[in-house]
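Beneath this line is the structure, given in structure tokens, with notes to follow.
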Number of protein chains: 2
Amino acid sequence: MNLKELSALLGLSQTTVSRALNDYPEVSEATRRRVKEAARANNYTPNTRAKGLATGRSMAIGHVIPISTRHEIVNPIFADFIAGAGEIYTAGNYDMLLSVVPDVDEERTYRTLAARGSVDGVILHGPHADDRRIPLLRELGLPFVVHGRAGHEEDSYSWVDVNNTRAFRRATDFLLDLGHRRIALVNGLESMDFARRRRAGYEAALKARGITPDPALMRSEEMTEDYGWRAARDMLADENPPTAFAVSSMLTAIGVRRAIGDAGLEMGRDVSVVIHDDVLSYLKNGGDIPIFTAARSSVHEAGRLCAEMLLRIIAEPAPATPRHLLLESELVIGSSTGPAPTG
Amino acid sequence: MNLKELSALLGLSQTTVSRALNDYPEVSEATRRRVKEAARANNYTPNTRAKGLATGRSMAIGHVIPISTRHEIVNPIFADFIAGAGEIYTAGNYDMLLSVVPDVDEERTYRTLAARGSVDGVILHGPHADDRRIPLLRELGLPFVVHGRAGHEEDSYSWVDVNNTRAFRRATDFLLDLGHRRIALVNGLESMDFARRRRAGYEAALKARGITPDPALMRSEEMTEDYGWRAARDMLADENPPTAFAVSSMLTAIGVRRAIGDAGLEMGRDVSVVIHDDVLSYLKNGGDIPIFTAARSSVHEAGRLCAEMLLRIIAEPAPATPRHLLLESELVIGSSTGPAPTG
DNA sequence: CCGATTATCCAAAGCGCTTTGGAAATCTCC
DNA sequence: GGAGATTTCCAAAGCGCTTTGGATAATCGG
């Protein structure tokens, strides 16, 4: 069923039917009701492509998911982020277009997306410290929101980010307050902006207590379980092992916990662990009592907020000033932390 | 830059330019080269919507991701599956359209997808034992491939599935060979087809050795870490605890391991664990030596295969006979299994 | 060198929708 | 009752592409 058929059926012109359906005022209430009723009855929905062609809008938002060619890893937070964003798109009658591309092809993907006009805007994932995609998107004139920030010129584009620096500052402070002095940082890839900020928070906390950060206690890698295990195993085997770990993701922390167990130690008693918890739906941080003491910030919620911000930007008539949203994480105390062992 | 502008620039008609770009034979090689060169130089890419409108195809594949309203969970295998499928779509010049919807709205979503003509086909995720979406899609005339199977009429639609029954039959046999007699099943939701098959394999193995499956040793839930922990904790606290667990996912098994540790036991010595491993990119089963003994089958690969099958079906002129692909998982021996403790 | 192929290109219609610029019908008010 | 305002509807153009049905130019056999 298309517009032509529907209007023939109703004995009205396509114009009137279209206007009735799109709530234009030039049509009487009686006609509008009759048209809408017929549309529902005949299961009529306007063809997306035709509508898009006529309006010049695609009613779709693009997400480009880069596959790291070196690591072949899909970021596990991705599913929950998408779920959050997807809710907003569905509510706003937008589609979500996903492109899974090797990270080296990303630039080309954005160019094609813009040239084809297949999306009205994009969400930028996983910004690097100085991300080339940001100037590219600006050049392409494609509205976008960054999930996270790049190091420079934060004011010149729109973003939604967690206060990573403060989160790790607080987490580290918490460990310091418990008497820990040798605190390890099991960080994400420090080519990523969020990881740099977390390290900055970690180092600031140490320095504020007169402790010089020890490079032997810092790791930076893609945040897998295996990485957490290796990092913790190696550091614990050291002659001067850490008594606490600040870990960038729950998954990595599960590996850290495994290494602690393998070393015959007990988490929360012999070794403390604080983590950043993205509140992934399939990886809840325990039930009533959290397993891990954590700086908690929902990535699902971040997805919603990014999507909302982007749709708002697209709806604006003129390209207005960039929007920013800095989310604060919440520190929850679990059973993975305790006073530093004495002696 | 659009077709009109490009052809004006070249002094050719739109027809010729279009034909040159789409490799029609009615245009000379010299002209074709000239046109393609100009297209590249001017960064011309045909508008998706216009092309779709003219050809009647959308060059997009839909994935409907249901959010369980009861559990609010996104299946963690999803990211890797999508990544696999996405590779194929990108290579075949298809887009991927994602709809994240509450499971109760799924039917409506498929109807709209079909009415709007926004996709040329869909992948059906997580089929239930008797899935209503399959007849719906057939009714809508939308080409589709099921990732998994529904209980009935397997021959009447196309699917890609793992041999779940055999996988759990073998895994359970492996435990039985090690002398285990009280083997627990920590299964996924048994409203899902895959979970039913896994249970069938598990029970068949037990029965073949004259063991009656004990309902007290069987659990069925959404496969989270927390669930694994609760299930194992409860069963281990029983007066007649299991000596081994067959677990439906790695994430759940991580919870099982946690419970084993909490109970003061050691995995692989006191309690054995076999799992189904989907080879998620961010959740590798250890390095050289697998942590868990596992029936392994890559969901990333399954994504690729589903996508390939669907594109092939779409490319077919007439709706041909359904295609099927039954993948066998590989049993890998890790350090989570050992002989049943005696006495 | 001429009619018949063949190679090369083009004008225009059409995909399903929105939207501009009226026209016809109804209403308003003196 | 009729000029003007208002309501209600419509024909047709246009969005950017593909494709049908020619037209024109180049090539060929005899």
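Residue numbering restarts at 1 for every chain, and letters A, B, ... go by the order of the sequence lines.
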The single option from A:Asp161, A:Asp193, A:Asp131 passing side chain to side chain donor-acceptor pair (under 3.5 Å) against A:Arg149: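 Result for side chain to side chain donor-acceptor pair (under 3.5 Å) with A:Arg149: A:Asp161.
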Contact pattern, 5' to 3', of nucleotides 17-27 of chain C - B, S or - by protein heavy atom under 4.0 Å: BBBBB------
Round to a whole Å and report the spacing from [atom1] of [X] to [atom2] of [N].
X       : N      : atom1 : atom2 : value
A:Leu6  : C:dG16 : CG    : P     : 14 Å
A:Arg57 : C:dG16 : CZ    : P     : 23 Å
B:Arg32 : C:dA7  : CZ    : P     : 13 Å
B:Met59 : D:dG16 : CE    : P     : 21 Å
B:Glu29 : C:dT6  : CD    : P     : 20 Å

5' priority, DNA chain C, between B:Leu53 and B:Leu12 [closest heavy atom]: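 Comparing both residues, the 5'-ward one is B:Leu12.
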Those residues that, when tested against B:Tyr89, pass ring pair (Phe, Tyr, Trp, His ring centres under 6.0 Å) (two or more places apart):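 If we apply the ring pair (Phe, Tyr, Trp, His ring centres under 6.0 Å) test to B:Tyr89, skipping adjacent residues, the hits are B:His63.
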Modelled atom types, side-chain donor and acceptor of A:Arg138 and A:Ser156, under 3.5 Å: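 There is such a pair (donor and acceptor under 3.5 Å, judged by atom type) between the side chains of A:Arg138 and A:Ser156.
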Return a table of donor-acceptor pairs under 3.5 angstrom between the side chains of residues 9-18 of chain B and protein atoms on other chains or two or more places apart.
unit_1: B:Ser13; atom_1: OG; unit_2: B:Thr15; atom_2: N; d: 3.3
unit_1: B:Ser13; atom_1: OG; unit_2: B:Thr16; atom_2: N; d: 3.1
unit_1: B:Ser13; atom_1: OG; unit_2: B:Thr16; atom_2: OG1; d: 3.1

Residue-phosphate contact under 4.0 Å: A:Thr31 side-chain N/O, D:dC9 OP1/OP2: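 For D:dC9, OP1/OP2 do have a side-chain N/O of A:Thr31 under 4.0 Å.
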Evaluation steps, side chain to side chain contact (heavy atoms under 4.5 Å, CB included), between B:Val160 and B:Met309: CA-CA 8 Å; B:Val160 173; B:Met309 185 181 282; 3.7 Å; yes
B:Val101 side chain reached by B:Ile67 side chain, heavy atoms, under 4.5 Å: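 The answer is no; the side chains never approach within 4.5 Å.
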